[in-house]
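To start, the structure under review is shown below, and the notes come after it.
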Amino acid sequence: MGEAPKKCGWCILGVSRISNDFCIALVTNGSTIASVGARDAGRAKDFADRFGARSSHGSYEAALAAPGVDVVYVATVHTSHASLVKLALEAGKHVVCEKPMTVNEPEMRELVDLARSKGLFLMEAMWTRFFPAI
């Protein structure tokens, strides 16, 4: 028999209600939450503790750099999505971002081109297609 498939380690950027719902589904399907990042370290820690995440951070950069992060879920205020997606892609991470990923077409083109150039997965989250509990 072959080896068991590697589990992806998720990094959660933003501790919003939608992040809560997303993480309930991740935990339900046995996924690993490697790190949680928020602007407020205390909120990140509370969120990480609630879901058994391996680490929590008061900065998005630190959360992305945590060990075991393969894919990033961005669920912050929408005006920060593009910059955080770019940060994650530049760090070599696959990305799933809440909608809207960007606020205009040039930003989206830049992110798609960056993901393609690095061979990384990039997707705008749409619960009907992506939600892990489905």
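What you see below is based on every heavy atom in this structure, not just the backbone, and it leaves out hydrogens, waters and symmetry mates. Keep in mind it's a predicted model, so treat the numbers as computed, not measured.
- Not a single donor-acceptor pair under 3.5 Å links the side chain of Ser35 to the backbone N or O of Ser55.
- Both Phe121 and Leu26 belong to a single network of hydrophobic side chains, linked directly or stepwise wherever heavy atoms of I, L, V, M, F, W or Y lie under 4.5 Å apart.
- Residues Asn20 and Phe47 meet the side-chain proximity criterion, which asks for heavy atoms closer than 4.5 Å.
- In terms of the ring pair (Phe, Tyr, Trp, His ring centres under 6.0 Å) criterion, Tyr60 has no residue partners (sequence neighbours excluded).
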Tell me, with the steps shown, if Ser16 and Ser19 meet side chain to side chain donor-acceptor pair (under 3.5 Å). CA-CA 5 Å; Ser16 61; Ser19 296; 3.2 Å; yes
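- Arg54 places a side-chain heavy atom less than 4.5 Å from the side chain of Thr32.
- With Glu124 contributing its side chain and Met101 its backbone, the two residues share a donor-acceptor pair below 3.5 Å.
- Checked by atom type and distance alone, the side chain of Thr102 pairs as donor or acceptor with a backbone atom of Asn104 at under 3.5 Å.
- Inter-residue side-chain proximity for Ile18 and Glu98 is flagged as met; some heavy-atom pair is nearer than 4.5 Å.
- Expressed to the nearest 0.5 Å, how far NZ of Lys86 lies from CG of Leu122 amounts to 13.5 Å.
- You'll find the side chain of His57 stays beyond 4.5 Å of the side chain of Val36, heavy atoms only.
- Taking 4.5 Å as the limit, every side-chain heavy atom of Val72 sits out of range of all side-chain heavy atoms of Val96.
- Atom CZ of Arg50 is surrounded by more than 12 heavy atoms from other residues, nucleotides or ligands within 6.0 Å.
- For the ring pair (Phe, Tyr, Trp, His ring centres under 6.0 Å) condition, no pair includes a residue of residues 78-117, sequence neighbours left out.
- No continuous path of ILVMFWY side-chain contacts below 4.5 Å connects Leu13 to Ile33, so the two sit in separate hydrophobic clusters.
- Between the side chain of Ser80 and the backbone N or O of Thr76 there is no donor-acceptor pair closer than 3.5 Å.
- Evaluation of the side chain to side chain donor-acceptor pair (under 3.5 Å) test over residues 38-49, restricted to residues two or more places apart or in two chains, returns Lys45-Asp49.
- With contacts defined as side-chain heavy-atom distances shorter than 4.5 Å, the pair Leu120/Lys93 does not qualify.
- Ring geometry for Trp10 versus Tyr73: interplanar angle over 60°, hence perpendicular rather than tilted (30 to 60°).
- The minimum heavy-atom distance linking Leu111 with Ala82 is given by the pair CD2-O, 3.9 Å.
- Note on Val74 and Ile24: separate hydrophobic clusters, where clusters join Ile, Leu, Val, Met, Phe, Trp and Tyr whose side-chain heavy atoms are under 4.5 Å apart, directly or indirectly.
- Both Val27 and Val71 are members of a single hydrophobic cluster when ILVMFWY side chains are connected at heavy-atom separations under 4.5 Å.
- Both Val69 and Val95 are part of a single hydrophobic cluster, where members link through side-chain heavy atoms under 4.5 Å apart.
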